[in-house]
*Asks:* 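Just passing along the structure, written as structure tokens.
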Amino acid sequence: MKLGEKQEAFAESLAWLLDVAHDEGYRVRLQELRRTKEQAEIYAKAGTGIVNSVHCHNLAIDLYLVVDGELQWDGEPYRYLGERWKSRTTDDLEHCWGGDFTRRDVYHYSIGHAGAK
């Protein structure tokens, strides 16, 4: 699947996930849909990211959840949305959640591309 097609599928999946979040009563703060190569290198050097980030291809976003007016830093809302997100994986598109990563990142929702998640 071409990058542009993946970006379109990512946008469609993201709209679906936002609907799921709102249906559960979660408020959502969007962060870092687009990351420059330079910023990816800075994060990689700091140990908080990777150079080959799918954020650089508009295939990832960080979502911060607010429940009952309180910003959530971890916990059930992220696990629930992560599981729902991964349920959209198909033969052509791997939906990845950062809560499964070695360096856990519960805010990260992406579609795999070129070996990166």
*Asks:* Can you tell me how the ring of Tyr107 sits relative to the ring of Tyr64, calling it parallel under 30°, perpendicular over 60° and tilted otherwise?
*Replies:*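 Correct class here is parallel.
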*Asks:* For the residue pair Leu63 and Leu30, what are the closest heavy atoms and their distance?
*Replies:*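 Closest approach of Leu63 to Leu30: CD2-CD2, 3.2 Å.
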*Asks:* Got a second to check how far Ile111's CD1 is from Thr90's OG1, nearest 0.5 Å?
*Replies:*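 Here the interatomic distance stands at 8.0 Å.
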*Asks:* I'd like to know if the side chain of Tyr80 pairs up with that of Glu24 as donor and acceptor (distance under 3.5 Å, no hydrogens or angles considered).
*Replies:*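 Judged by distance alone, the side chains do pair up.
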*Asks:* Indicate yes or no: does Asp74 engage Arg79 in a salt bridge with an N to O separation below 4.0 Å.
*Replies:*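 Looking at Asp74 and Arg79, the cut-off is not met.
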*Asks:* To the nearest 0.5 Å, how far apart are CZ in Arg35 and NE2 in His57?
*Replies:*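 Reported value, rounded in 0.5 Å steps: 11.5 Å.
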*Asks:* Can you confirm whether more than 12 heavy atoms, excluding those of Arg27, are under 6.0 Å from its CZ atom?
*Replies:*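 No.
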*Asks:* Got Glu70 and Val66 here, is their nearest side-chain heavy-atom distance under 4.5 Å?
*Replies:*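 A side-chain contact is absent here, since even the closest heavy-atom pair is not under 4.5 Å.
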*Asks:* For Asp19, does the CG atom have more than 12 heavy-atom neighbours from other residues, nucleotides or ligands under 6.0 Å away?
*Replies:*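 Buried by this count: over 12 neighbours within 6.0 Å.
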*Asks:* Is it possible for you to say whether Leu17 and Phe101 belong to one hydrophobic cluster, with membership spreading through side-chain heavy-atom contacts below 4.5 Å?
*Replies:*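 No, separate clusters.
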*Asks:* Could you walk me through whether Ile42 and Lys45 pass the side chain to side chain contact (heavy atoms under 4.5 Å, CB included) test, one step at a time?
*Replies:* CA-CA 5 Å; Ile42 290 168; Lys45 285 179 185 174; 6.0 Å; no
*Asks:* Looking at CZ of Arg34 and CD1 of Ile61, how far apart are the two atoms once the value is rounded to the nearest 0.5 Å?
*Replies:*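 So the gap between those two atoms works out to 13.0 Å.
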*Asks:* Short question: side chain of Arg104, backbone of Gly98 - any donor-acceptor pair under 3.5 Å?
*Replies:*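 Answer holds: no.
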*Asks:* Give me the atom names and distance for the closest heavy-atom approach of Thr89 to His95.
*Replies:*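 Between these two residues, the closest heavy atoms are OG1-N, 2.9 Å.
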*Asks:* Of the non-hydrogen atoms in Trp97 and Tyr78, which two are nearest, and what is the gap between them?
*Replies:*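 Minimum heavy-atom contact is CZ2-O, 3.3 Å.
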*Asks:* Under 4.5 Å between side-chain heavy atoms, hopping through other hydrophobics if needed: is there a path connecting Val20 to Val67?
*Replies:*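 Same cluster.
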*Asks:* With a 4.5 Å limit on heavy-atom distance, are the side chains of Tyr26 and Leu81 in contact?
*Replies:*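 Of all side-chain heavy-atom pairs linking Leu81 with Tyr26, at least one is under 4.5 Å.
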*Asks:* Could you report the tightest heavy-atom contact between Trp85 and Leu14, atom names first, then the distance?
*Replies:*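 Closest heavy-atom pair between Trp85 and Leu14: CZ3-N, 3.8 Å.
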*Asks:* How far apart are the C-alpha atoms of Lys6 and Asp92, what are their side-chain angles, what is the distance that settles it, and do they pass the salt bridge (charged side-chain N to carboxylate O under 4.0 Å, His left out) test?
*Replies:* CA-CA 9 Å; Lys6 282 186 176 182; Asp92 294 332; over 6 Å; no
*Asks:* Verify, without hydrogens or angle tests, whether Ser13 (side chain) and Phe10 (backbone) share a donor-acceptor contact under 3.5 angstrom.
*Replies:*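 Here the side-chain-to-backbone pair does not exist.
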*Asks:* Would you call Tyr43 and Glu32 a side-chain contact if the rule is heavy atoms closer than 4.5 Å?
*Replies:*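 Heavy-atom side-chain distance check passes, below 4.5 Å.
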*Asks:* Does any part of the side chain of Lys117, heavy atoms only, come nearer than 4.5 Å to the side chain of Glu94, both counted from C-beta?
*Replies:*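 Side-chain contact under 4.5 Å: yes.
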*Asks:* So does Asp62 pair up with Arg29, basic N to acidic O under 4.0 Å?
*Replies:*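 No, no charged N to carboxylate O under 4.0 Å.
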*Asks:* Ignoring hydrogens, what is the shortest heavy-atom contact between Ala60 and His55? Give both atom names and the distance.
*Replies:*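 Where Ala60 meets His55 most closely, the heavy atoms are O-ND1, 3.5 Å.
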*Asks:* What verdict does the side chain to side chain contact (heavy atoms under 4.5 Å, CB included) test give for Arg88 and Glu12, after you've listed the backbone C-alpha separation in whole Å, the side-chain angles of each residue and the deciding distance to 0.1 Å?
*Replies:* CA-CA 11 Å; Arg88 292 185 63 89; Glu12 186 176 312; 4.3 Å; yes
*Asks:* Considering non-hydrogen atoms only, spot the tightest contact between Cys56 and Val51 and give its length.
*Replies:*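 Between these two residues, the closest heavy atoms are SG-O, 4.5 Å.
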*Asks:* Could you measure the distance from the CG atom of Leu59 to the CG atom of Leu93? Nearest 0.5 Å is fine.
*Replies:*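 Leu59 atom CG to Leu93 atom CG measures 9.0 Å (nearest 0.5 Å).
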*Asks:* Taking the basic N atoms (NZ, or NE/NH1/NH2) and the acidic carboxylate oxygens, is any pair closer than 4.0 Å for Lys2 and Glu5?
*Replies:*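 Judged by the 4.0 Å cut-off on N to carboxylate O distance, Lys2 and Glu5 do not form a salt bridge.
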